[in-house]
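Here is the structure we will look at.
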Amino acid sequence: MQERYEPSILEPAAQKFWDDNGSFAVGEDPSRPKYYCLCMFPYPSGRLHMGHVRNYTIGDVLTRYMRMQGHNVLQPMGWDAFGLPAENAAMANGVPPAKWTYDNIAYMKQQLKSLGFGIDWTREVTTCRPDYYRWNQWLFLRMLEQGIAYRTTGVVNWDPVDQTVLANEQVIDGRGWRTGALVEKREIPMYYLAITRYAEDLLGALRDLPGWPERVKLMQENWIGRSEGLEIEFEVEGGGTLGVYTTRPDTLCGVTYMAVAAEHPLAQRAARHNPDLQAFIAECQRTGVTEAVLETMEKRGMPLGIHAIHPITGERVPVWVANFVLMSYGTGAVMAVPAHDQRDYEFARRYGLRIHQVIRPADGSLAKLDEEAYLEHGVLINSGQFDGLDFDEAFDAFAKLFEAQGRGRRRVNFRLRDWGISRQRYWGCPIPLIHCADCGVQPVPDDELPVVLPEELVPDGSGNPLNRHAKFLECRCPKCGRPARRETDTMDTFVDSSWYFFRFASAGNERAMVDGRANYWMPVDQYTGGIEHAILHLLYSRFWTRVMRDLGLTAVDEPFQNLLTQGMVLNEIYLRKPAEGRVVYFNPADVDVQVDEKGARVGAVLRADGQPVESAGIGTMSKSKNNGVDPQALVEQYGADTARLFMMFAAPPEQTLEWSDEGVEGAFRFMKRLWRAVHAHVQGGAGVEPLNTHALSPAQREIRRQVHETLAKITNDIGRRRTFNTAIAAVMELMNALAKFDDRSVQGRAVMQEALEIVVLGLSPVVPHACHALWKSLGHERAVIDERWPTVDPAALVREAIEVVVQVNGKLRGRVTVPANADEAQVREAALADEGVQKYTDGKPIRKFVYVRGKLANVVV
RNA sequence: GCCGGGAUGGCGGAACUGGUAGACGCACCGGACUCAAAAUCCGGCGGUGGCGACAUCGUGGGGGUUCGAUUCCCCCUCCCGGCACCA
């Protein structure tokens, strides 16, 4: 065995062994329990970032651990290869998005290999290839047949200078990111998927996902947003009706105005002869489309000069147009109850509208309406015949009344909206439709799929280049055969990522989207990815899986059995603000931190010029803040194992992880210590006698107990809790104890051999390359990758005496050692006899004695 | 604005089901080895008071429940993720 730990030699050797033996290429084996371990596939942005390294290390640790537990483990990898950044890169460099994307994939694949991830590359999936996206198109056509996919209008950001649709990300403070032009809202025809049909199912099934984090389920529940309410029609003076939906029908008699969206027909009609209204509506047209913008902007409105008739009181209620009412939500109109809704309250205050209380607190107290609305449920007042009813009674009474009169009905509503998948962009999956002047919109016949995206175009920022590409555009109508025009909108990239996990399990099938292999592997047993995907990607995947189920393509309802949402990777941000010009950011690698005697930070200087730089806290690694760390450089300097060890040790997987060069250094030191420990043991001579557990000295028994306690802990930490950081800490603690265990006797060496074997096996999921070499050094023929996870020897865990902590009035005052099988009376006796305890109990009557078995006693005096 | 999460020594974190706050690592201080440095090894390391045994305060802030609260409840502050066209 080599004395020095040299990852640059042993890591490629281990990787070559796995490659040559096809260690991670797996097939369907019904005789073994399967385990599908999946990480969210990367967008091929150019290079791996630390978030990827963290994500895939977590997945790889679980892959290798479950494999050692005897499972048939699949860990595939692919590329979420369509998307906006490729078009931006194309604009910047004049290179087609396809070339940029494929180059990036080649580079990043080699990076993944250098990190030693146990991936089955035979199943690689790339979403921008026709053999993948043809099935997007195929399933879209099935959805069209089912009425799940449909066409209607939707609102987009429009850049009037570039004459192009902008993504929300490309709108900065209401202006186009390239042109600086004020962005307008525009309504255009789009395709939607009726995810709302599955709203009830998607919501209810959350209960059957015990393997998902509560916070993610809660976020999805709130996103779907089921509510029960009443749909009510108000008569409009001069003809017509105005439909609204409310979850608070009990406040109906408190309605003092109505508010409609700028795009609402009533607003449009009223504006026809009113220039002020026209100006206001035009202004509403210029606000952003995101919910964050709409909810935080100033709430404004104008009266339309139209009145609705209150369905109970018959009063005239003014109708306003308001910028916070959206045509795309519900009916595009709301009834306003300022006394019992905070937004209505603020709007009424601003415009001097009437605030009319109709609910009083049930406990008889007074509701103060001089500062804010009263939002609680209570008892109805000022509501005529409905006075005195509570929320439920009022709900029922109003529902019955309106249902009898045919002017309203009970209704379950969802906050969830249908999924608009049309993108007016080039680098995406073509929507397989054809526009015929005579036959309208026609689906592309199945036997003409895939509609192949030309890969040589270069977008220039002014619209979709497909619209100028005759070879793509020109086609024949599948119905009448006359010349027709191909649809140029492409699909949202969330479509690509909504089912790729099925395709890994049916890789290479050219005749079907999925086959029987998917039934073997699905559902995914463990899914790991960023918390930022908690809602959209995970909800769309759950929806898509249900559509596939209803089409008979799969038997599973839920794609992901267990979910681990990993935190982000952060790093320091350093900058200088020059008197003039832009802020300059400096990479933390180029900055020296200055500390005082106690190690507390006092400042930082740029190494290049020795001058101070300003610390701007910590933030996610990004290009713009120049605080990224290149995984490649890390692997080159320390090796993949050190990178993996640091990532797993620095924080629990669900929390954010702060980068630390010193921490990496510490991980590297541990790797060297581990290597030296095995080396020193192996140098002790060839061959180790078998362990005789009955012939051990107390010191040998003690160290062996620690070894098996550690094994029990790391098995629980990795297998159940997924707290890799505490598992690693426990092994470090054990290594510290082993370093002090200097026993060259025959049984001493046997104990050490067992200890090191358990350490190497236990660490092999985290640092597989070093363990591959160390396992051989410990005298094993078989590779560690093919070994089983070690088992705890219960006999090794037995203790004769235990220490119990004694508190007096909740404060720690002593410790007593009692036999392991001592009962409460014995512990009480020992505790009260303790000198430190007596100091505080002396002469005082004991009011209570609390005993927590084997751990703690509390004497209350 | 709304939904979700978080805050513990100089720093990252540990304390799993209400039971010893600070495991493990980093930084720092001291020592050994060395001509010296690096590497390595050993020891110390929350604040305050005390020579010391020890006492006392201490888990973002304020209140509550409990024999006992980092953990549960209420209110507040700040930070992070998401908000439907970034992925």
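Excluded from the calculations below are hydrogen atoms, water molecules and symmetry mates; all remaining heavy atoms, backbone and side chain alike, are included. Numbered from 1 within each chain, the chains take letters A, B, ... in sequence-line order.
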Using whole Å, what does the distance between atom C1' of nucleotide B:A87 and atom CE of A:Met568 come to? 10 Å

Answer with base, sugar-phosphate or nothing: what part of the nucleic acid does A:Trp419 contact at a heavy-atom distance below 4.0 Å? nothing

What is the nucleic acid contact for A:Leu416, judged by heavy atoms within less than 4.0 Å: base, sugar-phosphate only, or nothing? base

Nearest-nucleotide 5' precedence on RNA chain B, A:Asn157 against A:Arg669: A:Arg669

Select from A:Met219 and A:Ala730 the residue whose nearest nucleotide in RNA chain B is closer to the 5' end of that strand. A:Met219

For A:Thr296, which contact category applies under a 4.0 Å heavy-atom criterion: base, sugar-phosphate, or nothing? base

Reckon A:Tyr840 touches a base, only the sugar-phosphate, or nothing at all at heavy-atom distances under 4.0 Å? sugar-phosphate

Rounded to whole angstroms, how far apart are CG on A:Leu539 and C1' on B:C3? 14 Å

Could you tell me the separation between the CD atom of A:Glu221 and the P atom of B:C3, rounded to a whole number of Å? 13 Å

Cationic N near anionic O, under 4.0 Å, A:Arg178 to A:Asp162: yes

Picking from B:A55, B:A87, B:A84, which would you name as closest to the side chain of A:Trp223? B:A84

Protein heavy-atom contacts under 4.0 Å, written 5' to 3' over nucleotides 6-16 of chain B as B (base), S (sugar-phosphate only) or - (none), form the string ----S-BSSSB

Need one value for A:Ser45: base, sugar-phosphate or nothing, where a base atom within 4.0 Å counts as base even if backbone is also close, heavy atoms only. nothing

Before giving the answer on side chain to side chain donor-acceptor pair (under 3.5 Å), spell out for A:Gln424 and A:Asn464 the whole-Å C-alpha distance, their side-chain angles and the decisive distance to 0.1 Å. CA-CA 6 Å; A:Gln424 297 67 44; A:Asn464 185 345; over 6 Å; no

Base, sugar-phosphate alone, or nothing: which one does A:Met491 contact when heavy atoms must sit under 4.0 Å apart? nothing

Sugar-phosphate, base or nothing in reach of A:Phe494, heavy atoms under 4.0 Å: base

When the P atoms of B:A38 and B:G30 are compared, how many Å lie between them, rounded to an integer? 13 Å

Quick test of your reading of the model: are A:Glu572 and A:Lys625 salt-bridged, counting only N-O distances below 4.0 Å? no

A:Glu733 near the nucleic acid: base, sugar-phosphate alone, or nothing, with a heavy-atom cut-off under 4.0 Å? sugar-phosphate

A:Arg676 (side chain) and B:U40 (base): donor-acceptor pair under 3.5 Å: no

Under 4.0 Å from any atom of RNA chain B, heavy atoms only: list the residues of residues 805-813 of chain A that qualify, in numerical order. A:Val805, A:Gln807, A:Lys811, A:Arg813

Could one point to a donor on the side chain of A:Asn858 or the base of B:C67 with an acceptor on the other under 3.5 Å away? yes

Any carboxylate oxygen within less than 4.0 angstrom of a Lys/Arg side-chain nitrogen, looking at A:Glu803 and A:Lys855? no

Electrostatic pair A:Arg349:A:Glu372 at N-O distance under 4.0 angstrom: no

Using the P atom on both, measure B:A21 against B:C57 and round to a whole Å. 13 Å

Could you tell me whether the phosphate oxygens of B:C2, OP1 or OP2, come under 4.0 Å of any side-chain nitrogen or oxygen in A:Arg343? no

Answer yes or no: is there a donor N or O on one side and an acceptor on the other, between the side chain of A:Arg722 and the main chain of A:Ile718, under 3.5 Å? yes

Hey, does A:Val731 reach any base, or is it just sugar-phosphate, or nothing, if we go heavy atoms under 4.0 Å? nothing

With a 4.0 Å cut-off on heavy atoms, is A:His537 in touch with a base, just the backbone sugar-phosphate, or nothing at all? nothing

Roughly how many Å is it from CD1 in A:Ile573 to P in B:C80, rounded to a whole number? 9 Å

Distance check needed: B:G82 C1' versus A:Glu169 CD, whole Å only. 15 Å

Show me, pair by pair, the donor-acceptor contacts under 3.5 angstrom made by side chains of residues 211-225 of chain A, not counting sequence neighbours?
from: A:Trp212; atom 1: NE1; to: A:Phe560; atom 2: O; distance (Å): 2.7
from: A:Glu214; atom 1: OE2; to: A:Lys217; atom 2: NZ; distance (Å): 3.4
from: A:Lys217; atom 1: NZ; to: A:Leu209; atom 2: O; distance (Å): 2.9
from: A:Gln220; atom 1: OE1; to: A:Arg542; atom 2: NH1; distance (Å): 2.9
from: A:Gln220; atom 1: NE2; to: A:Ala534; atom 2: O; distance (Å): 3.0
from: A:Asn222; atom 1: ND2; to: A:Leu218; atom 2: O; distance (Å): 3.4

Give none if B:C41 has no partner; otherwise give the nucleotide forming a Watson-Crick or G-U wobble pair with it, both distances under 3.5 Å. B:G31

Close aromatic pair by centroid cut-off 6.0 Å: A:Phe501 and A:Trp544: no

Which part of the nucleic acid does A:Arg417 contact within heavy-atom distance under 4.0 Å: base, sugar-phosphate only, or nothing? base

For the P atoms, the ones on B:A55 and on B:G22, what distance do you get once it is rounded to whole angstrom? 15 Å

